[in-house]
Amino acid sequence: MTASQGPDDEAIAVAFSQGPSDAGLRLAYERWGGLVLALALRVMDRADAEDVVQQTFVSAWRSRDRYDADAGPLGAWIVQIARRRIADHFRVAAVTRERAVDPTDVLDRAERAHPIDVPDAVAGSILVEQTLAEVDEPQRTIVRLAVLEDLPASAIAARLELPVGTVKSHLSRTLRRLRDRWEGTRAAHPA
């Protein structure tokens, strides 16, 4: 250990797993807290990422008796916990979003007169499906997740393990392709 670098990873792991106080937790947080935050920020906003960091270290501290130094370094073990907390975050968000829909609202909307022309809507849906069938992967999956499941680019990136910028590029190009095709079809068959 040097004064400028602090204790090495092994010393932190020993303090974390065997120490009687929370000094090991503090050292682990100082060493890997930034890494966990950066990992979470890749797929969610800062407030949610900070929650994930807190949940990760609380989980790690509560289950520190299960940490096995022979299985790998403490930092890798904490990153595994962080990945589970990130997945839990999106799982809870999906359930919350599902529960946010009031079934009576859905029924009311279904029973109201539909303001759009159903044949045009069906034709549009068929056109979208045909165009999507011509789109390669992962663009097809990205558009389906964005449009049908209403997921933000960050959630799609997390699910498909792609960079957010790549997801946005694929989504933009594919939607532009769908628009061009749709406008071409409308121009060929004006109402």
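Any value given below was found using the heavy atoms of this structure, including those in side chains, with hydrogens, waters and symmetry copies removed. The first residue in the sequence is number 1, and the count goes up from there.
Between the CG atom of L39 and the CZ atom of R42 there is a distance of 6.5 Å, given to the nearest 0.5 Å. For the atom pair I78 CD1 and F16 CZ, the distance stands at 5.0 Å (nearest 0.5 Å). With rounding to the nearest 0.5 angstrom, the CG atom of D22 is 10.0 Å from the CG atom of L27. Between atom NE2 of residue H170 and atom CD of residue E137 there is a gap of 10.0 Å, rounded to the nearest 0.5 Å. We find the OG-CZ distance between S59 and R64 to be 13.0 Å, quoted to the nearest 0.5 Å. Remark: I156 CD1 to T166 OG1 distance equals 12.5 Å, nearest 0.5 Å.
Under the 3.5 Å distance criterion, the side-chain polar atoms of D45 are matched with a main-chain donor or acceptor of D48. In this structure, the side chain of Y29 does not engage the main chain of F57 through any donor-acceptor pair within 3.5 Å.
Side-chain contact between I86 and V43: present, with at least one pair of heavy atoms (C-beta onward) separated by less than 4.5 Å. The shortest side-chain heavy-atom distance between V143 and V135 does not fall under the 4.5 Å cut-off. A 4.5 Å side-chain heavy-atom check between F90 and M44 finds at least one atom pair inside the cut-off.
At a threshold of 4.5 Å between side-chain heavy atoms, the hydrophobic network of Ile, Leu, Val, Met, Phe, Trp and Tyr places V52 and W61 in one connected group. Both V167 and L175 are part of a single hydrophobic cluster, where members link through side-chain heavy atoms under 4.5 Å apart. Clustering ILVMFWY residues whenever any of their side-chain heavy atoms sit less than 4.5 angstrom apart, transitively, puts Y67 in a cluster other than the one holding V14. Clustering ILVMFWY residues whenever any of their side-chain heavy atoms sit less than 4.5 angstrom apart, transitively, puts L171 in the very cluster that holds L151. The hydrophobic clustering, which links ILVMFWY residues whose side-chain heavy atoms are closer than 4.5 Å, places L37 and W77 together.
The 12-atom threshold is not exceeded at CD of E10, counting heavy atoms of other residues, nucleotides or ligands nearer than 6.0 Å. Counting heavy atoms of neighbouring residues, nucleotides and ligands inside a 6.0 Å radius, atom CD of E161 does not exceed 12 of them. The number of heavy atoms from other shown groups lying within 6.0 Å of CZ (R83) does not exceed 12.
The shortest heavy-atom contact between V36 and A82 is CG1-CB, 3.7 Å.
Using modelled atom types, one finds no donor on one side chain facing an acceptor on the other under 3.5 Å when comparing S169 with R173.
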I would like to know whether D51 and H89 meet side-chain contact (heavy atoms from CB on, under 4.5 Å); could you show each step before the answer? CA-CA 9 Å; D51 287 345; H89 168 81; over 6 Å; no
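Of the listed residues (P73, S17, P7), just one forms a side chain to side chain contact (heavy atoms under 4.5 Å, CB included) with I12, and that residue is P7.
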